[in-house]
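To start, the structure under review is shown below, and the notes come after it.
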Amino acid sequence: MGNDYKQTMNLPQTDFPMRASLATREPEQLRFWEEIDVYRRSLEVNEGGPTFILHDGPPYANGHIHMGTAFNKVFKDLIVKYKTMRGYWSPYVPGWDCHGQPIEHQVEKNLGPERMKTISQAELRALCREYAMEFVGVQAEEFKRLGVRGDFEDPYLTLKPSYEAGDVRVFAELYRRGMVYKGRKPIHWCYRCQTALAEAEIEYSEETSDSIYVKFWLTDPPPAFSGVAEKVAVLIWTTTPWTLPANVAVTLAADAAYVGVLADGEVLVMAEDLVPAVAQVAGWDSYEVVRDADGEPVRMRGSELEGLTYRLPVFPERTGVIITGEHVELSTGTGAVHTAPGHGEEDYLVGVRYGLPAPMPVDDQGVFDHGGGPFAGLHVDDANPVIISWLAEQGVLLAAGKTTHSYPHCWRCKKPVIFRATEQWFISMDKTGLRDAALKAIGTVEWVPGWSVNRITSMVADRPDWCISRQRAWGVPIPVFECAACGETVANDETFAAVEALFATEGADAWFTRAPSEYLPQGIACPRCGGSELVPEKDIVDVWFESGVSHTSVLEARDELRRPAELYLEGSDQHRGWFQSSLLTSVGAYDEAPFRTVLTHGFIVDGEGRKMSKSLGNVISPADVVGQYGADIIRLWTASADYGQDISVSSEILERTSEAYRRIRNTFRFLLGNIYDFEPGEAVPFDRMPELDQWAMTSLARLVSRLGAAYDDWKFHQVYRAIYDYCVTDLSAFYLDVLKDRLYADEADSDSRRSAQTVLAEMLTALVRMVAPILSFTAEEVWRFMPEPLREGIDSVHLAGWPTLEVPSARAAELTAAYGVVLEVRDEVMKALEDARNAKAIGKSQEARVVVKAAEEVRSVLAERGADELAAMFIVSAVEVAPSADGSLSVEVLPAAGEKCPRCWNYRALGAAGLCARCEDVVAR
RNA sequence: GGGCCCAUAGCUCAGUCGGCUAGAGCGCACGGCUGAUAACCGUGAGGUCGGUGGUUCGAAUCCACCUGGGCCCA
């Protein structure tokens with residue numbers, strides 16, 4: 001049949017596969033990029049261009065990457081690639097956070113308790129390094145598989161000597177500026193294992209404890225109570241009697257009502273709500289609440305009692321003070337909390353606020369020293385019964401019982417741990433105005449999305465001093481010394497310089513294997529006692545401090561980078577973490593923020609918006625997605641999400657993303673298939689193109705500028721949206737569909753077909769570049785299937801730059817307006833054709849001719865296009881435009897006149913050869 | 001418990017200073033085509049804009065509270 005004519009048609013030809021098979025094909029692109037060293041080349045092409053530095057926040061070198069890390073890295077990658085396309089010199093140096101408790105903990109678990117006992121710190125550190133390096137390797141491969149481009153040959157690692165030297169440099173500067181001080185802070189301590197424990201090493205379980213109610217005698221009771229009885233006490237409740245020797249304050253709830261209860265001839269002050277419960281525990285047969293002249297209970301708010309003093313229970317010759325705090329519970333106890341800043345986190349924080357001392361009478365072994373007064377020499381394990389009976393003897397114990405509650409235990413020995421204040425190193429927020437300077441620096445930075453600035457501001461405004469020391473093995477030491485003779489800290493420009501040099505050449509390991517005399521200059525002595533024997537500080541630095549100094553260890557240290565960076569980009573948790581530690585160390589050392597813009601994204605959650613967890617069974621791993629769908633699907637998903645909120649992944653979302661991908665891929669395939677015989681020399685200039693092609697060029701130009709704006713504005717989901725809608729709506733559903741007749745049936749070398757191909761080539765070369773930052777693999781694949789001349793001798797799409805497209809603006813505006821009308825009419829025509837199809841009047845639209853009745857304004861626009869052009873655009877055999885009686889738009893569908901041309905399948909009057917005039921003409925040649 | 005934030009069709013997103021019957025694409029249903037064919041085209045059905053109350057002539061949009069969710073802290 002018509003197949004005879006098939007050979008005379010210009011049907012699409014391309015080897016570009018319809019099916020992506022990304023999981024198997026992507027590795028080929030990876031090898032290609034490796035071969036041509038695309039990262040290096042991406043810098044070379046923009047040598048001398050403006051610089052854009054996205055500074056990578058280091059993930060922790062432990063375990064495989066998850067969806068969150070994948071999202072974050074791909075997000076960064078598409079920004080770097082976009083900037084590269086726009087001509088920016090944009091190096092990307094990935095980094096890893098290699099020190100810290102989780103790795104040390106894991107290594108310790110692998111070793112087991114027996115070997116741990118015999119291993120040296122140096123050996124332990126070597127094992128930790130090995131462990132970290134293994135996962136740096138694992139994650140680097142996983143990132144590369146996602147298409148992430150960067151200097152994976154030479155990433156930055158917090159365990160490298162050059163990095164560790166930067167830790168010293170920043171610490172030294174902060175120290176010189178007087179921001180670093182030594183103070184005390186309570187930490188979890190296991191006296192059996194003789195070690196500090198991190199929060200992650202604590203296991204909580206139920207524990208039965210003593211529960212006692214103790215009277216603290218007020219020295220100057222409020223008159224309302226003191227008139228009633230001679231002795232007035234504030235009644236506290238505690239489950240840790242052994243912490244009473246360290247008591248310095250009682251904390252009340254500022255807004256709660258407190259009353260005096262008269263029982264056994266004494267007034268006991270407690271929260272009104274808790275009086276009945278206390279009466280029951282105390283076993284009072286009768287009691288009364290102190291009342292005023294009107295018979296109303298005397299109520300005082302916690303804040304009114306603030307400032308009163310009382311005699312310490314264990315040291316009656318000293319006094320404590322009543323304060324208020326937010327952590328006071330009014331569901332149990334008395335509403336008055338025994339406060340020992342040396343023994344509790346909340347107590348410590350409230351103590352800092354009130355400037356209270358933090359006595360710590362318990363030593364490393366858990367034994368009271370002389371600070372324990374009458375209990376000196378007693379072990380805390382044995383102390384409770386002794387203290388309780390002592391309190392009873394003193395007449396201050398109201399009641400004693402037992403209670404069960406959740407209590408922290410050591411992960412190693414499984415025994416209860418204690419909270420114990422120890423010497424720690426701090427960075428002061430206020431001594432030298434760091435807080436104010438940081439807040440000021442926040443104002444110089446662009447925070448995206450906008451609410452981000454509120455979050456960082458309130459966190460910096462409210463945070464306590466930064467405790468930067470850890471009692472650990474795997475990290476960078478606090479680079480100071482202690483005088484062996486008098487305990488004074490020894491640290492000055494000379495020692496810092498020597499330590500920095502030591503770390504730079506041998507790494508921080510040397511701190512643990514070399515004696516200070518080997519690397520410190522001669523003559524360093526204790527400024528207080530003149531002692532010359534110096535002991536290196538045992539504590540290491542908080543890992544947040546380490547990663548925080550990357551502005552120095554990486555941005556400053558590496559030739560291709562500089563401080564400040566244009567962009568930091570991390571999840572919203574980093575307001576507390578890296579954004580802040582980077583900001584504080586940079587402002588502290590250099591008086592300025594290390595970044596110009598900070599971009600924050602939400603967290604990855606499941607389809608219901610819940611976080612992913614093993615227990616919920618909703619975890620999706622990037623490796624599985626790459627295996628099933630391919631990295632480009634992860635990349636497309638990354639771009640499609642509005643990162644300002646939490647980002648969902650589910651199998652449905654991935655399925656949808658994958659369908660969208662196929663749509664884009666097929667658009668590329670169609671474009672490639674129709675330019676197989678096109679040479680750029682045959683391009684038709686804009687002003688000689690048919691109007692429809694001019695419109696297509698206009699809409700492409702609009703897309704180019706819209707995408708540029710969306711990318712520049714960090715609105716990547718709009719980029720995705722615009723590309724996708726363009727492929728579906730502008731191209732597939734309209735322009736490309738309309739073009740088929742011209743492409744397939746017109747003479748191969750005709751101006752009309754060459755014009756169409758000119759447009760398709762423009763679309764292809766522009767789209768492939770604009771999509772490359774996102775669909776990095778597919779774009780590269782498309783690039784390799786493009787006709788050689790269109791590639792302009794460029795190996796990789798990633799080196800091809802951003803498209804430039806000029807369309808006369810007056811003509812563009814004219815066409816945009818006119819085609820708005822045409823497309824509206826087209827919609828109506830489609831509806832009418834569908835009705836006809838449903839009535840079995842027609843099958844394909846060419847079988848119909850239509851009569852469009854419209855108002856004058858519409859008719860004039862249509863008339864300008866011409867009936868033939870309208871028929872082509874509506875894909876019908878003929879269009880007739882007629883006035884409409886009421887001005888409304890309506891469409892009448894009639895059978896096509898003429899017969900089906902066996903070559904082009906349009907309904908036309910057929911000539912002698914049995915073909916339509918156009919086809920007859922084409923075949924004749 | 002506190003701070004910051006989120007909530008529009010099954011999915012991903014639009015909805016400017018509050019103002020026509022809340023939009024798009026996908027998916028779905030139905031149909032067409034068989035020269036983009038494990039493609040392509042068309043039509044259609046889907047939403048009490050998380051809930052309640054308030055401000056207003058009028059609220060998806062402003063306010064309060066609640067519910068659910070996220071991050072951080074406690």
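We name chains A, B, ... by the order of the sequence lines, and we start the count at 1 in each one. The structure displayed is predicted, hence computed values, not measured ones.
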Just compare B:G42, B:C11, B:A24 and give me whichever is closest to any side-chain atom of A:Ala733. B:G42
Which listed nucleotide (B:G25, B:A36, B:C6) is nearest to the side chain of A:Gln645? B:C6
Sugar-phosphate only, base, or nothing, as touched by A:Ala641 at under 4.0 Å among non-hydrogen atoms: sugar-phosphate
Is any side-chain nitrogen or oxygen of A:Tyr744 closer than 4.0 Å to OP1 or OP2 of B:A36? yes
Nearest-Å distance once atom C1' is located in both B:G27 and B:C11: 7 Å
To the nearest Å, give me how far apart CZ (A:Arg669) and C1' (B:A38) are. 11 Å
Would you mind telling me which of B:G31, B:A38, B:G3 lies closest to the side-chain atoms of A:Met18? B:A38
Who pairs with A:Arg702 by salt bridge (charged side-chain N to carboxylate O under 4.0 Å, His left out), at least two apart in sequence or on another chain? none
What parts of residues 653-664 of chain A reach RNA chain B, counting only heavy atoms under 4.0 Å away? A:Ile653, A:Arg656, A:Glu659, A:Arg663
Answer syn or anti for B:G46, where the cut-off is 90° from 0 on the glycosidic torsion. syn
Measure CZ/A:Phe670 against P/B:G35 and give the value in whole Å, please. 13 Å
Kindly point out which of B:A14, B:G10, B:C41 is positioned nearest to the side chain of A:Ser732? B:C41
Taking A:Thr657 for its side chain and A:Ile653 for its backbone only, find out whether a donor-acceptor pair lies under 3.5 Å. yes
Which residue, A:Asn674 or A:Ser845, contacts RNA chain B at a nucleotide closer to its 5' end, judged by nearest heavy atom? A:Ser845
B:U16 P sits how many Å from A:Gln718 CD, rounded? 13 Å
Do the side chains of A:Asp737 and A:Lys740 get close enough for a salt bridge, i.e. N-O under 4.0 angstrom? yes
Looking at every strand, decide which applies to A:Gly673 at a 4.0 Å heavy-atom threshold: base, sugar-phosphate, or nothing. nothing
Under 30°, 30 to 60°, or over 60°: which ring-plane class applies to A:Phe545 and A:Trp466, parallel, tilted or perpendicular? tilted
Apply side chain to side chain contact (heavy atoms under 4.5 Å, CB included) to A:Met612 and A:His66, showing your working. CA-CA 10 Å; A:Met612 292 193 177; A:His66 54 257; over 6 Å; no
What's A:Asp642 touching, base or sugar-phosphate or nothing? Going by heavy atoms closer than 4.0 Å. sugar-phosphate
So, A:Asp646 side chain and A:Phe603 main chain: donor-acceptor pair closer than 3.5 Å or not? yes
May I ask you to verify if any side-chain N or O of A:His575 is less than 4.0 angstrom from the OP1 or OP2 atom of B:C5? no
Between B:G25, B:G42, B:C13, which nucleotide has the shortest distance from any of its atoms to the side chain of A:Val728? B:G25
Parallel, tilted or perpendicular for A:His188 and A:Phe419, by the 30°/60° rule? tilted
Stacking between A:Trp905 and B:G35, defined as ring centres under 5.5 angstrom apart with planes under 30°, is that present or not? yes
Hey, does the side chain of A:Asn454 come within less than 4.0 Å of B:C5's phosphate (OP1/OP2), counting only N and O? yes
Among side-chain atoms of A:Trp578 and A:Asp97, is any donor-acceptor pair under 3.5 angstrom? no
Nearest whole angstrom, please: distance from the C1' of B:U34 to the NZ of A:Lys740. 11 Å
Can you list everything that forms a salt bridge (charged side-chain N to carboxylate O under 4.0 Å, His left out) with A:Asp255? Sequence neighbours excluded, please. A:Arg301
Taking atom C1' of B:A36 as reference, at what distance in whole Å does atom CZ of A:Phe785 sit? 16 Å
Taking Watson-Crick and G-U wobble contacts under 3.5 angstrom, with | marking pairs to another strand and [ ] crossing pairs, the secondary structure of RNA chain B is written (((((((..((((.....[...)))).(((((.......))))).....(((((..]....)))))))))))).
Is A:Arg721 touching bases, backbone alone, or none of the nucleic acid, heavy atoms closer than 4.0 Å? base
Counting side-chain heavy atoms from C-beta on, which of B:A38, B:C41, B:A14 comes nearest to A:Arg19? B:A38
Give the ring-plane orientation class for A:His575 versus A:Phe579, where under 30° counts as parallel, over 60° as perpendicular and anything between as tilted. perpendicular
To the nearest Å, how far apart are A:Arg826 CZ and B:C41 P? 10 Å
Under the side-chain contact (heavy atoms from CB on, under 4.5 Å) rule, collect the residues that match up with A:Asn906, sequence neighbours excluded. A:Asp741, A:Gln846, A:Cys904, A:Arg908, A:Arg918
What do the steps show when you test A:Thr339 against A:Thr251 for side chain to side chain donor-acceptor pair (under 3.5 Å), and what is the final call? CA-CA 6 Å; A:Thr339 300; A:Thr251 309; 2.6 Å; yes
Would you sort out whether A:Phe716 and A:Phe75 count as a ring pair (Phe, Tyr, Trp, His ring centres under 6.0 Å), showing the intermediate values? CA-CA 9 Å; A:Phe716 307 100; A:Phe75 195 166; 5.3 Å; yes
A:Glu659 and A:Arg663 ion-paired at < 4.0 Å: no
Please pick, from B:U34, B:G25, B:U12, the nucleotide with the shortest atom-to-atom distance to any side-chain atom of A:Thr729. B:G25
What are the atom names and distances for every N/O pair under 3.5 Å that joins the protein to nucleotides 64-74 of chain B?
unit_1	atom_1	unit_2	atom_2	d
B:G69	O2'	A:Gly609	O	2.4
B:G70	OP1	A:Lys611	N	3.4
B:G70	O4'	A:Asp646	OD2	3.0
B:G70	O2'	A:Asp646	OD1	3.1
B:G70	O2'	A:Asp646	OD2	3.0
B:C71	O2'	A:Arg455	NH2	3.1
B:C71	O2'	A:Asp573	N	3.4
B:C71	O2	A:Arg455	NH1	3.2
B:C71	O2	A:Arg455	NH2	2.7
B:C72	O4'	A:Arg455	NH2	3.0
B:C72	O2'	A:Arg576	NE	3.3
B:A74	O3'	A:Glu346	OE2	3.2

A:Asp835 has an atom CG; how far is it from atom P of B:G42, in whole Å? 15 Å
